[in-house]
Amino acid sequence: MKILVAGGAGFIGSVLVPQLQEHGYEVDVVDLLWFGNHLPEGTNVIQKDLFDLHEKDLEGYEQVVFLAGLSNDPMAAYSPARNFIENGALPSYLAFVAKNAKVRRFIYASSCSIYGYTVNELYDEQSPVTCAYPYGISKLQGERGVFQLGDDDFSTIALRQGTVCGHSRRTRFDLIVNTMFKSAIADGMVTVNNPSIWRPILDVRDTATAFLRAIQADYSISGAFNVAFGNFTVGQIADVVKEEVEQLIGKKVGITLNNVQDFRNYKVTCDKARTYLGFLPKYSISDIVSSLYDHLDDYGDFSNDLFYNINTFKKLD
Ligand SMILES: NC(=O)c1ccc[n+]([C@@H]2O[C@H](COP(=O)([O-])OP(=O)(O)OC[C@H]3O[C@@H](n4cnc5c(N)ncnc54)[C@H](O)[C@@H]3O)[C@@H](O)[C@H]2O)c1
């Protein structure tokens, strides 16, 4: 099967694409390469804006996976207009072109960010979405635009991912577990901005498996699916990172507590992804920390701007 991975040279794509290749899929990547190209040699990577793809470019692909756009709140807040174009409009445009080219399935990288601020409730895919900030709203717009195009011949799946963390050939240190890992190693200290806030967490290896399961699912399946390993408070995450890093480096790690208000707070249930897609995540927060530690030599002093999306994004202007 031939698959186009749009935005496939980013953090998630750099783990997903090699996994798809190992499974025997023929994969092409279209990406602006904001963060470079770390994909395996021999991967067909086309450096191009997805808005410049047309129906004829999509012909011959059975499925399209959409991983592009602005991938966090700071980027969206820095450039709200571009955020609404890249996250709100681009998924609809690409799904529209893909459908015209007779692609069978479009899989959209959505986010649990769309749930916004919820208190003491476990959210499923039917729960209200209350996001009120550019990134969350734009991810919801992207998802809704894609779903509008779905029909019996065009399956549309949105994976509402928790915060994806862990090691990738194109690693980020602006994702909660990775950020805490970095400061535990570099500063001997983990900073906790608001310990009671909830976040669903997912290892990037499990994320790749979730996309694989969506690709493999029967074509009668469409819809939104929450995907996470589990729900944790920021305080819990910090405790696990602290203990794991202390064991790995044989030194004490401190915790600094701040009380910064957060506009995102949510817990989700992933029963639907388990039932319909057969998705079973296997990597815990401890596993995320040890996979990052295994690649410590790759990270230098953590100062490379490519590790921090907002730093690289500002330089693109
Ligand atoms: N990482 C997470 O925690 C997380 C959580 C939920 C959802 N998501 C979503 O998953 C997707 C992938 O996330 P990531 O962490 O891999 O992001 P990333 O920033 O590492 O990668 C995004 C890639 O898309 C490319 N891109 C952006 N706009 C493009 C365009 N117009 N044309 C071609 N290429 C373009 C960039 O060059 C980059 O390589 C994003 O849509 C993000 O919103 C990520």
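Whatever order the structure lists ligands and atoms in, that order sets their numbers, starting from 1.
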Can you tell me the protein heavy atom closest to [atom] and the distance?
| atom | answer |
| --- | --- |
| atom 9 (C) of ligand 1 | Gln161 NE2, 3.6 Å |
| atom 16 (O) of ligand 1 | Ile12 N, 2.8 Å |
| atom 21 (O) of ligand 1 | Gly10 CA, 3.4 Å |
| atom 27 (C) of ligand 1 | Gly69 N, 3.3 Å |
| atom 30 (C) of ligand 1 | Leu32 CD1, 3.5 Å |
| atom 26 (N) of ligand 1 | Ala68 CB, 3.8 Å |
| atom 31 (N) of ligand 1 | Glu86 OE1, 2.8 Å |
| atom 36 (C) of ligand 1 | Asp31 OD1, 3.4 Å |

Is [Y] reachable from [X] through a run of I, L, V, M, F, W or Y residues, each pair having side-chain heavy atoms under 4.5 Å apart?
| X | Y | result |
| --- | --- | --- |
| Val146 | Leu4 | yes |
| Leu67 | Leu94 | no |
| Leu122 | Val129 | no |

For [atom], which of the options [options] provides the nearest non-hydrogen atom?
| atom | options | value |
| --- | --- | --- |
| atom 12 (C) of ligand 1 | Leu50, Val204, Leu67, Val30 | Leu67 |
| atom 5 (C) of ligand 1 | Cys165, Gly162, Gly8, Pro91 | Gly162 |
| atom 18 (P) of ligand 1 | Ser14, Ala76, Ser71 | Ser71 |

- Item | Close approach, Arg170 and ligand 1, non-hydrogen under 4.0 angstrom | yes
- Message: Tell me whether ligand 1 is touched by Arg160 - counting only heavy atoms on the residue side and a distance under 4.0 Å.
- Response: no
- Decide, yes or no, whether a salt bridge links Glu143 with Lys139 under the criterion of side-chain N to carboxylate O below 4.0 Å.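 Result for this pair is no, no salt bridge flagged.
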- Does the distance from a Lys or Arg side-chain N to an Asp or Glu carboxylate O, for Asp206 and Lys282, drop under 4.0 Å? no
Of all the atoms in ligand 1, which lie at a distance below 4.0 Å from a heavy atom belonging to [X]?
| X | result |
| --- | --- |
| Ala9 | 39 (O) |
| Asn309 | 19 (O) |
| Asp49 | 30 (C), 31 (N), 32 (N) |
| Arg172 | 1 (N), 14 (P), 15 (O), 17 (O) |
| Lys48 | 32 (N), 33 (C) |
| Leu90 | 31 (N) |
| Ser111 | 6 (C), 7 (C) |

Which is it for [X] and ligand 1 at heavy atoms under 4.0 Å: side chain, backbone, both or neither?
| X | result |
| --- | --- |
| Tyr135 | side chain |
| Phe35 | side chain |
| Asn72 | neither |
| Lys139 | side chain |
| Asn87 | neither |
| Ala6 | neither |

- Query: Using the benzene-type ring in the case of Trp, are the ring centres of Phe313 and Trp34 under 6.0 Å apart?
  - Reply: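 That pair passes the under 6.0 Å test.
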- Between Phe35 and Phe11, is the gap from one ring center to the other below 6.0 Å? no
Going by distance only, is there an N or O of [X] that falls short of 3.5 Å from an N or O of ligand 1?
| X | result |
| --- | --- |
| Leu175 | no |
| Gly13 | no |
| Phe51 | no |
| Trp34 | yes |

- Message: If only side-chain N and O atoms count, and only distance matters, is there a donor-acceptor pair under 3.5 Å linking Thr43 with Gln21?
- Response: yes
- Query: Between Ala208 and Val15, which heavy-atom pair has the shortest distance, and what is it?
  - Reply: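 What the structure gives for the nearest pair is CB-CG1, 4.0 Å.
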- Message: If I compare all heavy atoms of Pro195 with all of Asn258, which pair ends up nearest, and what's the gap?
- Response: CD-O, 4.1 Å
Over-ring placement of [X] relative to [Y], 6.0 Å and 45° cut-offs:
| X | Y | value |
| --- | --- | --- |
| Arg274 | Phe279 | no |
| Arg104 | Phe154 | no |
| Lys182 | Phe173 | no |
| Arg172 | Phe307 | no |

- Which residue pairs pass the ring-ring contact (aromatic ring centres under 6.0 Å, His included) test when at least one of the two sits in residues 50-73, sequence neighbours left out? Phe51-Tyr93, Phe66-Tyr108
- Could you check Ser196 against Thr233 for side chain to side chain contact (heavy atoms under 4.5 Å, CB included), going step by step and ending with a plain yes or no? CA-CA 6 Å; Ser196 62; Thr233 66; 5.8 Å; no
- Task: Show the numbers, then the answer: is there a side chain to side chain contact (heavy atoms under 4.5 Å, CB included) between Val97 and Lys99?
- Result: CA-CA 5 Å; Val97 177; Lys99 184 173 176 174; over 6 Å; no
